[in-house]
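Beneath this line is the structure, given in structure tokens, with notes to follow.
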There are 2 protein chains.
Amino acid sequence: MQEQLKLENQLCFRLYTASRLITQAYHPQLSGIGLTYPQYLVMMVLWEKDGQPVNDIARKLFLETNTVTPLLKRMEAEGFISRTKGQADARQVIVRLTSKGRALEKEAECIPYEVGKAVACRSITPESAPALYETLDDLIQTLSVGGR
Amino acid sequence: MQEQLKLENQLCFRLYTASRLITQAYHPQLSGIGLTYPQYLVMMVLWEKDGQPVNDIARKLFLETNTVTPLLKRMEAEGFISRTKGQADARQVIVRLTSKGRALEKEAECIPYEVGKAVACRSITPESAPALYETLDDLIQTLSVGGR
DNA sequence: TTGGTTTATATCGTTCACGATGCAAAGATA
DNA sequence: TATCTTTGCATCGTGAACGATATAAACCAA
């Protein structure tokens with residue numbers, strides 16, 4: 001068979017697997033505070049800047065609104081955020097943290113550190129991480145620009 | 001806010017995004033031959049070695065049977081594979097390529113090359129790729145061992 | 001103002017992922 | 001042999017992802 005069609009030769013499969021496994025590593029911590037991983041991403045976006053339209057959140061996460069909208073509705077049902085019509089532009093929906101959502105930041109602070117311990121593998125060190133990040137950022141840049 | 005809680009500081013978010021975007025890059029090619037990306041992974045496992053129990057396929061893809069079983073059923077419905085009870089061990093279900101599934105390999109041969117062109121980003125070169133693969137393999141190893 | 005286009009968000013259907021659980025075959029132990 | 005445990009696979013429910021499509025507001029040109 002073609003060498004190229006072997007699993008072990010494919011970048012995509014590695015990214016797919018690494019992504020799933022590291023997301024699983026977040027699960028125990030996140031379920032403790034009632035969030036899924038994608039919901040945690042949304043919270044990070046809002047903790048950094050509260051009160052953003054759906055589109056801004058989606059763009060920062062490289063997601064479409066048809067993924068983000070149901071996600072936000074579930075988060076609203078859980079009481080973490082509010083969704084209100086924009087007054088300047090009535091098409092927009094502005095997403096804001098509730099006090100419950102804002103309070104969660106303190107509880108989430110330790111999570112990157114906790115998960116970091118689980119992810120401590122010899123190939124990702126404080127010295128090598130920036131290069132890895134740059135490679136992945138480049139890849140994301142290439143793929144996201146190409147798709148638009 | 002905590003620096004650690006910023007999106008741009010997180011490895012997991014990069015892997016999650018890179019994985020989604022590169023999987024999207026496969027979509028045009030794969031939909032042309034009637035496969036989804038996870039189905040394509042299963043096909044690669046079978047092209048490499050036909051006639052494997054569900055468990056072996058799941059293990060090679062780092063997935064659980066509750067993900068793989070419905071996937072295989074859809075692939076059987078599409079006529080790419082067959083699922084038959086193992087005779088040595090009646091608990092097992094042996095998955096085999098149909099002639100249609102086997103024929104697909106030739107059509108899939110060009111896909112890694114085609115997608116590779118789209119993924120050509122300056123940070124992933126033939127020289128740097130092995131180091132990146134090793135880092136990701138290490139990470140996958142760390143995370144998959146920890147979870148068992 | 002009318003009519004056409006773009007923009008922002010939402011709805012729908014299908015396919016993963018995955019935790020929790022169920023069940024039957026195989027293997028182990030008393 | 002009778003029971004106990006493990007193994008292999010499946011079912012169920014929920015929450016993403018995402019392509020395709022819909023809807024209404026905003027914008028723009030005639």
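The analysis underlying the following values was restricted to heavy atoms, covering all of them including side chains, and did not include hydrogens, waters or symmetry mates. To find a chain, count down the sequence lines: A is the first, B the second, and so on, and within it residues start at 1.
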Residues passing the ring-ring contact (aromatic ring centres under 6.0 Å, His included) test with B:Y26, sequence neighbours excluded, are B:Y37, B:Y40
Report all side-chain donor-acceptor pairs from residues 99-111 of chain B shorter than 3.5 Å, counting only partners two or more places apart or in another chain.
from	atom 1	to	atom 2	distance (Å)
B:K100	NZ	B:E78	O	2.7
B:R102	NH2	B:L97	O	3.2

Enumerate the protein-to-nucleotides 13-17 of chain C contacts in which both atoms are nitrogen or oxygen and the separation is below 3.5 Å.
from	atom 1	to	atom 2	distance (Å)
C:dC16	OP1	B:T36	OG1	2.7
C:dC16	OP2	B:Q39	NE2	2.8
C:dC16	OP2	B:R74	NE	2.8
C:dC16	OP2	B:R74	NH2	3.3
C:dC16	O5'	B:R74	NH2	2.7
C:dA17	OP2	A:Y16	OH	2.5

Rounding to 0.5 Å, atoms OH (A:Y16) and CG (B:L15) come to a distance of 14.5 Å
Those residues at least two apart in sequence (or on a different chain) that pass side chain to side chain donor-acceptor pair (under 3.5 Å) with A:D89 are A:R91
Whole-Å distance, B:N55 CG to C:dA25 P, equals 18 Å
Contacts of A:R96 meeting salt bridge (Lys or Arg N to Asp or Glu O under 4.0 Å) (sequence neighbours excluded), chain-then-number -> none
Heavy atoms of B:I81 and B:M43 approach each other most closely as CG2-SD, 4.4 Å
Which of C:dA25, C:dA8, C:dT9 is nearest the side chain of A:R91? It is C:dA8
A:H27 NE2 to C:dC18 P, in whole Å, measures 10 Å
Footprint ends on DNA chain D, 5' to 3', for atoms under 4.0 angstrom from a heavy atom of chain B, come out as D:dT7 to D:dG19
Sorted by chain and residue number, the side chain to side chain donor-acceptor pair (under 3.5 Å) partners of B:D137 (sequence neighbours excluded) come out as A:R14
Query - Sugar-phosphate, base or nothing in reach of A:K85, heavy atoms under 4.0 Å - result: nothing
Atom CG of A:L72 and atom P of C:dT11 are separated, to the nearest Å, by 12 Å
Taken to the nearest whole Å, CD1/A:I57 to P/C:dA10 is 10 Å
Taken to the nearest whole Å, CD/A:Q92 to P/C:dT9 is 5 Å
Atom NZ of A:K73 and atom P of C:dA10 are separated, to the nearest Å, by 6 Å
Name the atoms and distances for all side-chain donor-acceptor pairs under 3.5 Å in residues 116-124 of chain A, with sequence neighbours left out.
from	atom 1	to	atom 2	distance (Å)
A:R122	NH1	B:D138	OD2	3.4
A:R122	NH2	B:D138	OD1	3.4
A:S123	OG	B:D138	OD2	2.4

The salt bridge (Lys or Arg N to Asp or Glu O under 4.0 Å) partners of A:D50 (sequence neighbours excluded) come to none
Taking for A:T65 and for B:D89 the nucleotide of DNA chain C with the nearest heavy atom, the one nearer the 5' end belongs to A:T65
B:I94 atom CD1 is separated from C:dA25 atom P, nearest whole Å, by 16 Å
